[in-house]
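Atoms within a ligand are numbered from 1 in the order they appear, just like the ligands themselves. Since the model is a prediction, treat every value here as computed from it, not as a measurement.
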Amino acid sequence: MNIGLFGGTFDPIHRGHVALAHAALQRYKLGRIYFVPANIPPHKQKQPIAPFLHRYAMIALATAPEKAFVPSLLEAPEESGAATKKERPPKPNYTIETVRRLKQTFGKSDQLFLLIGIDAFADVAQWHQPEALFRECEFIVASRPGYSLADVANALPESLRPRPEATRPFQKQAATGDLVLRGATIHLLDQVCQPVSATAIRAAAAAGKPLARFLDASVAQYIKKVGLYK
Ligand code: ATP
């Protein structure tokens with residue numbers, strides 16, 4: 001079975017995330033997509049984020065209508081006693097570790113695809129053990145107008161990045177189709193990215209504006225009920 005893993009902060013999950021997952025599900029015949037909220041996203045450690053439990057609950061609500069979407073606790077906070085907490089601060093969630101943990105549950109014919117938006121993909125070379133991550137799974141990247149195929153190739157970690165002469169002809173070619181390189185396979189999904197971000201939603205919620213156009217109604221209700229992002 002083709003299986004997707006979609007990681008993120010999901011603070012909160014919104015229509016952009018769900019549209020990406022639906023498009024990947026259909027296009028790559030994924031049998032299941034795990035939505036994996038990070039307890040501690042490595043690249044957002046300095047900003048305050050909503051508690052894991054609320055982000056997970058909103059994922060459960062937004063994904064309920066699609067049987068193949070599975071809310072995941074793979075990056076849930078570790079349970080630890082007070083003594084251990086004092087000794088070692090909680091660790092950020094590295095995707096490579098999550099991927100390896102998930103793959104331990106796979107059968108022989110299962111194949112893993114990592115779902116990601118192109119904005120996040122642009123920083124992939126700075127992730128923990130990026131080369132290993134490309135070895136472990138193929139990527140499905142939701143592209144956006146304004147990004148070229150050369151941008152995608154140039155975002156790769158240095159050891160996987162094609163030489164500049166090889167990518168130059170693709171500087172004006174839109175980021176669509178498949179990029180199969182030695183050590184990395186990237187599938188680009190175009191016309192998927194919606195103009196919505198969690199940042200804009202948090203700002204709208206703080207200003208008391210309606211959220212219905214950004215989010216599933218059940219998630220908008222949850223935000224209101226719990227009083228998130230005030
Ligand atoms: P924030 O605004 O707080 O940075 P975000 O909306 O970008 O949040 P994340 O949880 O950080 O959401 O993103 C999880 C994943 O979803 C990332 O791979 C990101 O690129 C992707 N993503 C975010 N917004 C969209 C969108 N509108 N369309 C497609 N993919 C998206």
> With respect to Phe121, which candidate in Leu188, Ile186, Leu114, Asp151 satisfies the side-chain contact (heavy atoms from CB on, under 4.5 Å) definition?
Replying inline: Ile186
>> On a heavy-atom basis, I'd like to know which of Lys44, Gln47, His14, Arg55 is closest to atom 25 (C) of ligand 1.
In response: His14
>> Please confirm whether Ile116 approaches ligand 1 to less than 4.0 Å, judged on its heavy atoms.
In response: yes
> At what distance, to the nearest 0.5 angstrom, does CG of Leu160 lie from CZ of Arg135?
Replying inline: 8.5 Å
>> Measuring from atom CD1 of Ile118 to atom CG of Asp123, what distance do you get when rounded to the nearest 0.5 angstrom?
In response: 11.5 Å
>> Can you confirm whether Leu211 sits close enough to Lys224 that some side-chain heavy atom of one is under 4.5 Å from a side-chain heavy atom of the other?
In response: no
> Once you round to the nearest 0.5 Å, how far does CD of Gln191 lie from CZ of Arg144?
Replying inline: 13.5 Å
> With atoms numbered from 1 as shown, which atoms in ligand 1 lie under 4.0 angstrom from a non-hydrogen atom of Gly16?
Replying inline: 26 (C), 27 (N), 28 (N), 29 (C)
>> Only heavy atoms of Phe6, strictly under 4.0 Å: list the atoms of ligand 1 that pass.
In response: 15 (C), 16 (O)
> How far is atom 18 (O) of ligand 1 from its nearest protein heavy atom, and which residue and atom is that?
Replying inline: Gly117 N, 2.9 Å
>> At under 4.0 Å between heavy atoms, is it the side chain or the backbone of Arg15 that contacts ligand 1, or both, or neither?
In response: neither
>> Quick check on side-chain contact (heavy atoms from CB on, under 4.5 Å): which of Ile40, Thr9, Asn39 does Ile49 satisfy it with?
In response: Thr9
>> Just verifying a value: how many Å separate Thr98 OG1 and Glu75 CD, rounded to the nearest 0.5 Å?
In response: 3.5 Å
>> Once rounded to the nearest 0.5 Å, what's the spacing between atom CG of Leu115 and atom CD of Glu138?
In response: 12.0 Å
> Relative to the heavy atoms of Phe10, which atoms of ligand 1 are at a distance of less than 4.0 Å?
Replying inline: 10 (O)
>> Need the ligand 1 atom indices (1-based, order shown) with element for anything under 4.0 Å from a heavy-atom of Thr199.
In response: 1 (P), 2 (O), 3 (O), 4 (O)
>> Just so I know, are the side chains of Phe113 and Ile33 near enough to count as touching, which here means a heavy-atom distance under 4.5 Å?
In response: no
>> Out of all atoms in ligand 1, which are within 4.0 Å of some heavy atom of Gln194? Include the element for each.
In response: 26 (C), 27 (N), 28 (N)
> Of the protein's non-hydrogen atoms, which lies at the shortest distance from atom 8 (O) of ligand 1, and what is that distance?
Replying inline: Ala198 CB, 3.4 Å
>> Using a plain distance cutoff, I'd like to know if Val196 has any nitrogen or oxygen under 3.5 Å from a nitrogen or oxygen of ligand 1.
In response: yes
> Do Phe10 and His17 have ring centres separated by under 6.0 Å?
Replying inline: yes
>> With a cutoff of 4.0 Å, is Gly7 in contact with ligand 1, counting heavy atoms of the residue only?
In response: yes
> How about atom 28 (N) of ligand 1: does it have a protein heavy atom within less than 4.0 Å?
Replying inline: yes
> Which atoms of ligand 1 are found less than 4.0 Å from any heavy atom of Leu20?
Replying inline: 29 (C), 30 (N)
> Which ligand 1 atoms does Arg202 reach within 4.0 Å, using its non-hydrogen atoms?
Replying inline: 3 (O)
> In ligand 1, which numbered atoms sit nearer than 4.0 Å to a non-hydrogen atom of Ala120?
Replying inline: 17 (C), 18 (O), 20 (O)
> Between Phe6 and Tyr34, is the ring centre distance below 6.0 Å?
Replying inline: no
> Does the N or O separation between His17 and ligand 1 drop below 3.5 Å for any pair?
Replying inline: yes
